[in-house]
Amino acid sequence: MTSPLDIAGTVRERAARELRDRIITGTLAPGSRIDLDAITEEFATSRTPVREALLELSFEGLVRVAPRSGITVIGVNSDDVTDSFTILGVLTGQAAAWAAERITADELGRLRELAADVAQRSGEDSIGEANWLFHQEIHRAAHSPRLLTQIRQAARVVPSNFLTVFPEHEEHSLDEHEELLDALEAKNAEAARAIAERHVLEAGRSLAAWLDAQAATS
């Protein structure tokens, strides 16, 4: 299996991903303040990579960084999530379609190993990482560096702990993994596209509904 370091990235990337997850899932609510010193201590690092992570999030419109008022969470709403997941769905659908046409036997074998690893981690916190690796491998099998870059940008809206936050999606996701693998093996591009796109859109609908429910109770 691929080492977890493959998705850990630099301290800045890890800090940005973790803070982004907290904002997207509402753990850091809109209007709340982010304590730079507390985050720096949490990640056991210097202020520089944390500042850079927060600057990245400000470019994404998730936080506001002001010299005097500090760092304030802007957050996302259900419409933002729906739009972002729709865009991601189109991109991942295209990746799956191209993968069906271009995937090699070795790549398909690797995907089946990764899918089995996801299933074995059912109910564990580590399932999110395994799931991420599985989908990344499908995107790579499209053999399109340009598309892969676009997906990486768009996929930032998906919390890395999605299957932990929404465990009810786990069984359905595992079934869809098998459907997608069968479509890839059959080189059925349109079936692969439809399955991959539906996979993302259903996740987006769940997250959007969850955010609406949180907003209603806040």
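By convention here, the first residue in the shown sequence is residue 1.
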Novice: Run the side-chain hydrogen bond (donor to acceptor under 3.5 Å, both in side chains) test against E185 and tell me which residues pass, sequence neighbours left out.
Specialist: R112

Novice: Strictly distance-based, threshold 3.5 Å: is any side-chain N or O of S32 a donor or acceptor partner for the main-chain N or O of L28?
Specialist: no

Novice: Determine which pairs satisfy salt bridge (charged side-chain N to carboxylate O under 4.0 Å, His left out) with at least one residue from residues 136-163, sequence neighbours left out, and list them in order.
Specialist: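 Residue pairs with at least one partner in residues 136-163: E56-R156, E60-R156, E137-R140.
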
Novice: What residue pairs, at least two apart or across chains, pass ring-ring contact (aromatic ring centres under 6.0 Å, His included) with a residue in residues 173-198?
Specialist: F134-H177, H135-H177, H177-H199

Novice: Can you run down the salt bridge (charged side-chain N to carboxylate O under 4.0 Å, His left out) pairs that involve residues 36-50, sequence neighbours left out, and say none if there aren't any?
Specialist: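 Residue pairs with at least one partner in residues 36-50: R22-E42, D37-R47.
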
Novice: Output yes when R110 and E107 qualify as a salt bridge under the 4.0 Å nitrogen-oxygen rule, no when they do not.
Specialist: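 No, no charged N to carboxylate O under 4.0 Å.
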
Novice: Tell me, please, which residues at least two apart from V81 pass side chain to side chain contact (heavy atoms under 4.5 Å, CB included).
Specialist: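 Here the qualifying residues are V76, F85, L207, A208, L211.
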
Novice: Just jot down the side chain to side chain contact (heavy atoms under 4.5 Å, CB included) partners of Q120, sequence neighbours excluded, or say none.
Specialist: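 D117.
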
Novice: List for me each residue that meets ring pair (Phe, Tyr, Trp, His ring centres under 6.0 Å) alongside H139, sequence neighbours excluded, and say none if there are none.
Specialist: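 Residues passing ring pair (Phe, Tyr, Trp, His ring centres under 6.0 Å) with H139: none at all.
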
Novice: Excluding sequence neighbours, so at least two apart, what forms side chain to side chain contact (heavy atoms under 4.5 Å, CB included) with A191?
Specialist: A183, N188

Novice: Can you list every side-chain hydrogen bond (donor to acceptor under 3.5 Å, both in side chains) pair that touches residues 71-83, not counting sequence neighbours?
Specialist: S78-D212

Novice: If the condition is side-chain hydrogen bond (donor to acceptor under 3.5 Å, both in side chains), which residues does S206 pass it with, not counting sequence neighbours?
Specialist: H169

Novice: Sorted by first residue and then second, give each ring-ring contact (aromatic ring centres under 6.0 Å, His included) pair with at least one member in residues 54-82; sequence neighbours left out.
Specialist: none

Novice: Partners of R198 by side chain to side chain contact (heavy atoms under 4.5 Å, CB included), sequence neighbours excluded?
Specialist: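 With neighbours one apart ignored, the set is E176, E179, I195, E202.
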
